[in-house]
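When a ligand or atom number is given, it counts from 1 through the structure's own listing order.
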Amino acid sequence: MSDLTIIPAAGKALPAPRKNRHFIGGAWVDSQTGDCSDRLSPAHGVVVSQSAKGTAAEAETAIAAARTAFDDGRWSRLSGKARAAILLKVADLIEANVERFALIETLESGKPITQSQGEIAGAADLWRYAAALARTVQGDSHNVLGEDMLAVVLKEPIGVVSIITPWNFPFWILSQKLPFALAAGCTCVIKPSEMTPSTTVMLCELLVEAGLPSGVVNVVLGFGQPVGEVMTAHPGVDMVTFTGSTAVGKLITKTAGETLKKVALELGGKNPQVIFPDADLDSAADAVTFGVYFNVGQCCNSSSRIIVHEDIAEDFVARVVALSRRVAFGDPLDSKTQVGAIVTPEHAARIDAAVKAAVAAGAEVVLGGAALAVPGLGLQFYQPTVIRGVTPEMEIARDEVFGPVLAVLTFRTLDEAIALANDASYGLSAGVWSENIHTCLAFARAAQAGTVWTNTWMDGFPEITFGGMKQSGQGREIGRYGMEEFLEVKSLVMRIGRTRAPWVNSP
Ligand code: NDP
């Protein structure tokens with residue numbers, strides 16, 4: 001363990017805990033019960049925020065506020081230009097507040113401060129791109145239906161949208177959804193994870209400053225039960241967009257089915273990177289190392305399994321192990337840190353249990369496999385972990401661990417690599433490494449994944465849509481398709497002139 005790169009406690013003074021209240025109908029409110037929940041910094045173990053704990057009552061009030069704001073057209077009937085102007089102001093304000101937002105994001109989530117800064121600044125670009133899309137809402141026209149007919153297909157905002165977000169990328173995931181819903185003309189009720197609510201609340205301050213009409217965006221803090229459940233079941237909501245676990249995604253689909261509201265889901269993944277012998281192995285090893293440890297592996301896009309050609313497997317694993325030792329794990333407040341803390345002690349225990357189960361199933365841990373002691377901080381860290389000798393039926397090859405744990409499988413032929421990559425209930429993303437374009441394209445076409453990267457990993461752009469196949473989700477986020485999710489389609493069929501033959505016979 002001593003040969004790992006560990007960044008000890010930076011000893012930075014932490015700010016006083018932030019207080020968060022619900023934002024409903026343009027007002028800051030406490031829960032009727034007066035209850036609050038505390039969030040401890042995963043790395044530092046002290047309270048960093050205290051948030052109102054919502055009940056069904058706050059969720060219902062927020063839905064009513066969003067419903068009124070949608071139905072009276074204060075946002076939904078604005079021009080695309082007017083909506084875009086506000087979204088652009090929000091983007092500017094986000095950029096002006098990167099440091100403030102990044103600090104609390106790091107304190108609540110445990111992710112490195114430089115990563116938080118990158119995510120907040122990058123989110124501003126999502127708002128800018130959504131602003132551009134707000135001016136492109138358009139349908140179709142049909143001018144060849146016959147001399148006396150003309151039809152247009154209109155795109156309208158779907159209505160009130162419930163947005164339920166997780167703790168792993170609180171501000172980034174919110175920004176994959178909210179600006180696109182707003183660009184479409186929807187109004188929203190948001191429930192962040194109770195562990196990482198602050199940047200969502202702070203965003204509301206910016207929305208007010210940017211001039212967003214009250215009631216268009218509402219935030220209810222608290223737990224999935226009861227807040228998320230009300231936001232999913234309520235007949236006043238037209239759509240739910242959710243990012244989180246596959247288990248809760250299925251629950252949401254069931255509940256929303258009672259009122260047949262639209263559901264968009266961004267769920268888990270067991271994303272493979274396939275490495276062929278002719279690949280640029282230095283780049284591939286670096287990308288695999290990045291792909292598995294980024295956000296301590298608490299990432300739907302984590303490349304938590306690799307499928308390596310048998311001939312190079314030993315050498316490739318040795319490269320990844322050597323690189324893993326150089327990745328800086330430790331205090332997220334130190335700008336040198338690349339990998340921070342695990343979100344909760346319970347989740348750290350789940351990661352460790354998954355590793356132990358892999359060993360019991362016959363796999364071999366070649367690096368890590370235990371909690372990581374960071375001098376001056378607690379034990380809510382996990383060592384970079386590489387596991388080989390993994391076979392396709394093992395849980396470590398199939399289940400999302402959501403930790404810094406890499407499972408190594410091997411293959412001999414392209415067909416075998418494709419079969420192994422697709423042998424999963426998930427289908428979020430996949431990667432292929434080869435200098436042969438034919439190999440890359442053959443793999444990319446056959447891969448059952450919403451995104452396929454060739455000779456790279458996890459590059460993303462506001463323009464490029466994102467989402468999962470199979471049990472990784474339904475619907476798409478960001479890009480043009482990201483806004484389309486929030487649009488309803490209406491056909492308008494018109495007769496030109498009084499040419500319609502009567503259906504009822506003349507008397
Ligand atoms: P969950 O899926 O439980 O939580 C995600 C969000 O859904 C949270 O805001 C949560 O609220 C809310 N929620 C929970 N239950 C309901 C419900 N019945 N109705 C509506 N909303 C609900 O994820 P966890 O935080 O518990 O993480 C567990 C696992 O999920 C991880 O280990 C990982 O495997 C996976 N995960 C995947 C993510 C992804 O990006 N695909 C993101 C996060 C987790 P609250 O927690 O506040 O009660």
Side-chain angles (χ1 to χ4, degrees), residues 20 37 39 42 49 51-56 59 63 108-111 119 162-174 176-177 189-197 200 219-234 237 240-258 261 263-271 294-302 304 342-354 382 395 398-405 425-429 450-451 458 466-468 470-475 477:
N20 294 315
S37 58
R39 175 62 179 158
S49 63
S51 301
K53 195 164 150 193
T55 65
I63 291 166
E108 285 183 340
S109 70
K111 67 176 67 194
E119 284 169 20
S162 286
I163 299 179
I164 302 174
T165 55
W167 43 262
N168 54 347
F169 296 92
F171 195 71
W172 179 264
I173 288 175
L174 178 64
Q176 290 200 154
K177 299 174 188 286
V189 178
I190 305 165
K191 191 201 88 63
S193 164
E194 90 288 349
M195 289 185 263
T196 53
T200 301
V219 172
V220 185
L221 304 171
F223 289 77
Q225 301 271 9
V227 176
E229 196 171 71
V230 172
M231 288 168 61
T232 308
H234 200 288
V237 171
V240 183
T241 172
F242 167 83
T243 298
S245 63
T246 298
V248 174
K250 287 178 182 173
L251 210 63
I252 283 178
T253 308
K254 233 185 213 169
T255 310
E258 292 296 319
K261 53 176 66 79
V263 175
L265 301 171
E266 204 60 70
L267 307 173
K270 190 75 190 177
N271 313 296
F294 177 65
N295 216 49
V296 218
Q298 299 173 148
C299 179
C300 55
N301 256 335
S302 169
S304 51
I342 305 293
V343 70
T344 58
E346 295 76 25
H347 188 54
R350 277 200 294 271
I351 295 169
D352 196 48
Y382 205 81
E395 283 175 8
R398 315 189 75 81
D399 294 346
E400 192 178 38
V401 175
F402 237 54
V405 179
S425 57
Y426 294 113
L428 190 59
S429 54
T451 300
M458 232 190 302
F466 176 69
K470 304 203 280 191
Q471 292 191 35
S472 287
Q474 57 194 35
E477 295 196 336

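In Met231, neither the side chain nor the backbone holds a heavy atom less than 4.0 Å from any atom of ligand 1. At a 4.0 Å heavy-atom cut-off, ligand 1 touches Thr165 through the backbone alone. Contacts between Phe223 and ligand 1, counted as non-hydrogen atom pairs separated by less than 4.0 Å, involve both the backbone and the side chain. Residue Trp167 touches ligand 1 through its side chain alone, judged by heavy-atom distances below 4.0 Å.
Using a 4.0 angstrom heavy-atom cutoff, Gly222 counts as in contact with ligand 1. The shell of residues lying under 4.0 angstrom from ligand 1, judged by heavy atoms, includes Phe242.
Among Lys191, Glu229, Glu194, the residue whose heavy atom lies closest to atom 46 (O) of ligand 1 is Glu194.
The number of heavy atoms from other shown groups lying within 6.0 Å of CD (Gln474) is above 12.
Closest protein heavy atom to atom 38 (C) of ligand 1: Phe402 CZ, 3.4 Å. Protein heavy atom at the shortest distance from atom 18 (N) of ligand 1 is Leu251 CD2, 3.5 Å. Among protein heavy atoms, atom 12 (C) of ligand 1 sits closest to Ile164 CG2, 3.8 Å. Regarding atom 43 (C) of ligand 1, its nearest protein heavy-atom neighbour is Pro166 CB, 3.4 Å. Remark: minimum distance from atom 3 (O) of ligand 1 to any protein heavy atom is reached at Val248 CG2, 3.4 Å. Given atom 32 (O) of ligand 1, the protein heavy atom at minimum distance is His347 CE1, 3.3 Å. In this structure, the protein non-hydrogen atom closest to atom 29 (C) of ligand 1 is Ser245 CB, 3.9 Å. Of the protein's heavy atoms, Asn168 ND2, 3.2 Å lies nearest to atom 40 (O) of ligand 1.
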Exercise. Side chain to side chain contact (heavy atoms under 4.5 Å, CB included) between Glu266 and Leu428: does it pass, once the steps are laid out?
Worked result: CA-CA 9 Å; Glu266 204 60 70; Leu428 190 59; 3.7 Å; yes
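Protein heavy atoms are found inside the 4.0 Å sphere centred on atom 27 (O) of ligand 1.
In this model, a donor atom of one side chain and an acceptor atom of the other lie less than 3.5 Å apart for Thr243 and Lys177. Checking Lys111 against Gln298 by side-chain atom types alone, no donor-acceptor pair falls below 3.5 Å. Counted by atom type alone, Tyr382 and Asp352 present one or more donor-acceptor pairs between their side chains at under 3.5 Å.
Among the atoms of Glu400, some N or O lies under 3.5 angstrom from an N or O of ligand 1. Residue-to-ligand polar distances place Gly224 within reach of ligand 1: an N/O pair is separated by less than 3.5 Å. Below 3.5 Å of separation, one finds an N or O of Leu267 facing an N or O of ligand 1. Here's the thing with Gly244: one of its N/O atoms is less than 3.5 angstrom from an N/O atom of ligand 1. Between Thr243 and ligand 1, no N or O atom pair is found at a separation short of 3.5 Å.
In this structure the side chain of Pro192 reaches within 4.5 angstrom of the side chain of Leu221, judged on heavy atoms.
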